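Heads up: numbering here begins at 1 and tracks the sequence. If you're wondering where the values come from, they're calculated on a predicted model, not measured in any experiment.
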Amino acid sequence: MEDSAIAAVIERAKKGFNSKKTLNIEWRRGQLLALLRMLNETKTQICDALHADLRQTPFLSNVAEVDGVVKEAENALRELDNWCKPEARPVGALMKPGKGFIRREPFGVALIISPWNYPISLLLKPMIGALAAGNAVVLKPSEVSAKCSEYFVKTIPKYMDSDCVGVVEGGVKETTFLLQNRFDYIFYTGNTNVGKIVMRAAAEHLTPVTLELGGKSPCIVDETAVRTLMSQQTGYAGGKFMNCGQTCVAPDYVLVTKKVEDALFKKLCSTIRTFYGEDPQQCKDYSRVINPRHTQRLAALIKGKKCDFGGKFDVDDCYIEPTLVRNVDSGDALMQDEIFGPILPILPVADLKEATEFGQQGREKPLALYMFSSNEKNIQYVIENTTSGGAAINEVVMQVACQHMPFGGVGYSGMGAYNGHCTFKTFSHERSVLQRTTWPDVSLRYPPYTADKIWWFTKLNSLKAPNMKFIVLFVLAPALAAVVATGKMAAGGEWMRRALAHMARACEHT
């Protein structure tokens, strides 16, 4: 895509936002309804694009991609009026009679850059929050998932308002040009190295960012899990090998207590066979690596290595077999960067203390942390002695689908969060507003600051819960201040001071 064409998309979005049409809640509602119609009417095209890019089955395409977007849009439609209402906030005693509230306003034009591993949902879910908040958006789908990118370029303009929703297709060159332009918000999902580039570009314009990155997310398994939960068809293997391991929150490695390592390994092997058969390459439910280059990267990690389960690969077919590798050293190539593929290192540890220390010392904070256990004390120990963007106990990956909990990273795994209402707030500027009446304007706040004024100011400012008694006090205070200011503190003035002091004490106890 030529620079001039990209510039035109950006300029159109800016004009669309400046026209103030996005501030209209009915416009926002209309865009969300149009998106739902698009998903319903083009579901076949979506599934075809996902199959072409990632060999995803229609079931996985619907469950992992389309359904989540639909639920997000439907939730935004239900809650939009509530989300957009000003939120009342208390104000201090000296600001009475007055009120405080927060208005959530759009930033302006938001740039959303999505990855290739879940190319539909990771572009559209942030867009839902951005549009619900009243922003215009410029979408940049990943060029790596080429068919899905092509789908967006062809389909978005047919359903969405082209004045406020634009799509830019292309690779590094086009993304670089986009980042040279000034946006009001940037939302990026991808790897840490590119995340740094995005943040540097945003810093040039002081543009706020959300970075959804990744990292080596550990899974800790204790002996109670192997005895109980692991005796069933746990979702662990499904979470790791779903989408051929190309999930940012997939478990990257396992830390298991030594006494149950063998039992866990055997259970994982049998579960993988149950899921994908003896030859996963022939299984229609097993996806593929996105392209030959990434397949070669993964193959290099296991080539010449003793794989305890799996280990086969076919670069031409973008196939890596579900692979388990035991007795991995912490210095091994598998333990350096996020694997992002269907290879699972299993590391034995003596106890939970060693497991938590391994995952924290000298390693960047991961996007997710998992634990399998039926011992509540062990669970609390791990949660309290680790840090991660999010966590799940006796489950993997599914924390992302919890619409009412924010999802995001910390440190090298990202900054900011989204999901449901949190996405709306991410794309909203919280504008604080203090509104007072035109009277009374208490002179206690203004010079000259006499001893009496200071006494009254201290009393008024210490009130914790102003009520009607306080309002009476507040109205009478200016009269006292006037008496004090003119130097006419006679017997009547002294009586008024004692009476107001009594009221102040009464207010303190209400």
Side-chain angles (χ1 to χ4, degrees), residues 39 42-70 113-126 139-155 167 169-171 189-191 194 212 214 235 237-252 272 275-277 279-299 301 310 312-323 338-344 367 396-398 400-401:
L39 293 171
T42 66
K43 189 174 288 188
T44 300
Q45 292 97 299
I46 292 174
C47 291
D48 289 345
L50 287 167
H51 186 268
D53 286 333
L54 291 155
R55 203 81 65 87
Q56 283 191 10
T57 64
F59 176 80
L60 183 58
S61 297
N62 281 304
V63 170
E65 293 272 42
V66 179
D67 288 354
V69 178
V70 169
I113 305 174
S114 67
W116 50 261
N117 57 326
Y118 290 93
I120 303 298
S121 61
L122 295 184
L123 184 75
L124 295 183
K125 286 179 74 175
L139 305 172
K140 173 57 183 69
S142 173
E143 75 284 1
V144 179
S145 48
K147 291 298 181 182
C148 288
S149 179
E150 182 181 321
Y151 161 82
F152 284 122
V153 170
K154 290 181 178 178
T155 310
V167 185
E169 189 176 30
T189 305
N191 66 62
V194 178
E212 294 293 342
K240 170 60 182 178
F241 300 109
M242 178 180 70
N243 200 31
C244 207
Q246 298 164 121
T247 303
C248 61
V249 289
D252 197 81
I272 292 170
F275 285 172
Y276 305 114
D279 185 2
Q281 191 168 8
Q282 304 305 317
C283 178
K284 63 181 180 60
D285 293 316
Y286 189 64
S287 302
R288 291 296 185 270
V289 180
I290 185 68
N291 58 29
R293 181 173 67 87
H294 281 278
T295 309
Q296 289 173 336
R297 175 185 66 82
L298 291 167
L301 291 174
K312 297 176 183 176
F313 57 87
D314 183 343
V315 175
D316 292 335
D317 190 30
C318 296
Y319 170 76
I320 299 286
E321 185 178 12
T323 300
E338 182 180 9
I339 294 172
F340 216 66
I343 304 167
L344 183 64
L367 184 57
V396 293
V397 176
M398 293 306 294
V400 178

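Contact check on D317 versus R55 returns a salt bridge, with a Lys/Arg side-chain nitrogen under 4.0 Å from an Asp/Glu carboxylate oxygen.
In terms of modelled atom types and a separation under 3.5 Å, the side chain of Q246 and the main chain of I290 share a donor-acceptor contact. At distances below 3.5 Å, at least one donor-acceptor pair connects side-chain atoms of T57 with backbone N or O atoms of L60. A donor-acceptor contact shorter than 3.5 Å is absent between the side chain of N191 and the backbone of G214. Side-chain N or O atoms of N243 include one that pairs as donor or acceptor with a backbone N or O of N117 at under 3.5 Å. One N or O on the side chain of K240 and one on the backbone of G341 form a donor-acceptor pair closer than 3.5 Å. Without hydrogens or angle criteria, K140 side chain to G170 main chain gives a donor-acceptor distance under 3.5 Å.
One finds the CD atom of Q296 at 9.5 Å from the SG atom of C318 (value rounded to the nearest 0.5 Å). The distance from atom CD1 of I320 to atom OG of S287, rounded to the nearest 0.5 Å, is 13.5 Å. For the atom pair CD (E321) and CG (D279), the distance works out to 7.5 Å, reported to the nearest 0.5 Å. Expressed to the nearest 0.5 Å, how far CG of N62 lies from CD1 of I46 amounts to 8.5 Å. I120 contributes atom CD1, which lies 8.5 Å from atom CG of D53 (distance to the nearest 0.5 angstrom). Considering CG of D252 and OG1 of T247, their distance stands at 11.5 Å, rounded to 0.5 Å.
Annotation: side chain of E65 is in contact with side chain of Q56 (closest heavy-atom distance under 4.5 Å). Side-chain contact between L298 and P342: present, with at least one pair of heavy atoms (C-beta onward) separated by less than 4.5 Å. Looking at V167 and P141, their side chains come closer than 4.5 Å, going by heavy atoms from C-beta outward.
Heavy atoms only, all atoms of each residue included: Y118 and M242 are closest at OH-CE, 3.4 Å. For the pair G310 and T323, the tightest heavy-atom approach, listed with the atom from each and the gap, is C-OG1, 3.9 Å. Scanning all heavy atoms of the two residues, the minimum distance from L123 to S114 falls at CD1-OG, 3.4 Å. Nearest heavy-atom pair across K125 and V400 is NZ-O, 4.4 Å. Minimum heavy-atom separation, L54 to P119: CD1-CD, 4.1 Å. In plain terms, the two heavy atoms of P280 and G277 that are nearest each other are CD-O, 3.9 Å.
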- Query: Is there a side-chain contact (heavy atoms from CB on, under 4.5 Å) between E169 and E150 once you walk through the steps?
  - Reply: CA-CA 8 Å; E169 189 176 30; E150 182 181 321; 4.2 Å; yes
Report the C-alpha separation of I272 and F241 in whole Å, then their side-chain angles, then the decisive distance to 0.1 Å, and conclude whether the side-chain contact (heavy atoms from CB on, under 4.5 Å) test is met. CA-CA 9 Å; I272 292 170; F241 300 109; 3.5 Å; yes
- Task: Report the C-alpha separation of R288 and H51 in whole Å, then their side-chain angles, then the decisive distance to 0.1 Å, and conclude whether the side-chain contact (heavy atoms from CB on, under 4.5 Å) test is met.
- Result: CA-CA 9 Å; R288 291 296 185 270; H51 186 268; over 6 Å; no
Practice task
In sequence, state the C-alpha distance, the side-chain angles, and the governing distance for F152 and L124, and then conclude on side-chain contact (heavy atoms from CB on, under 4.5 Å).
Solution key: CA-CA 10 Å; F152 284 122; L124 295 183; 3.8 Å; yes
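Checked by atom type, the side-chain pair T42/Y151 shows a donor-acceptor distance below 3.5 Å.
In this pair, H294 and W116 present their aromatic rings tilted. The plane angle is within the 30 to 60° band.
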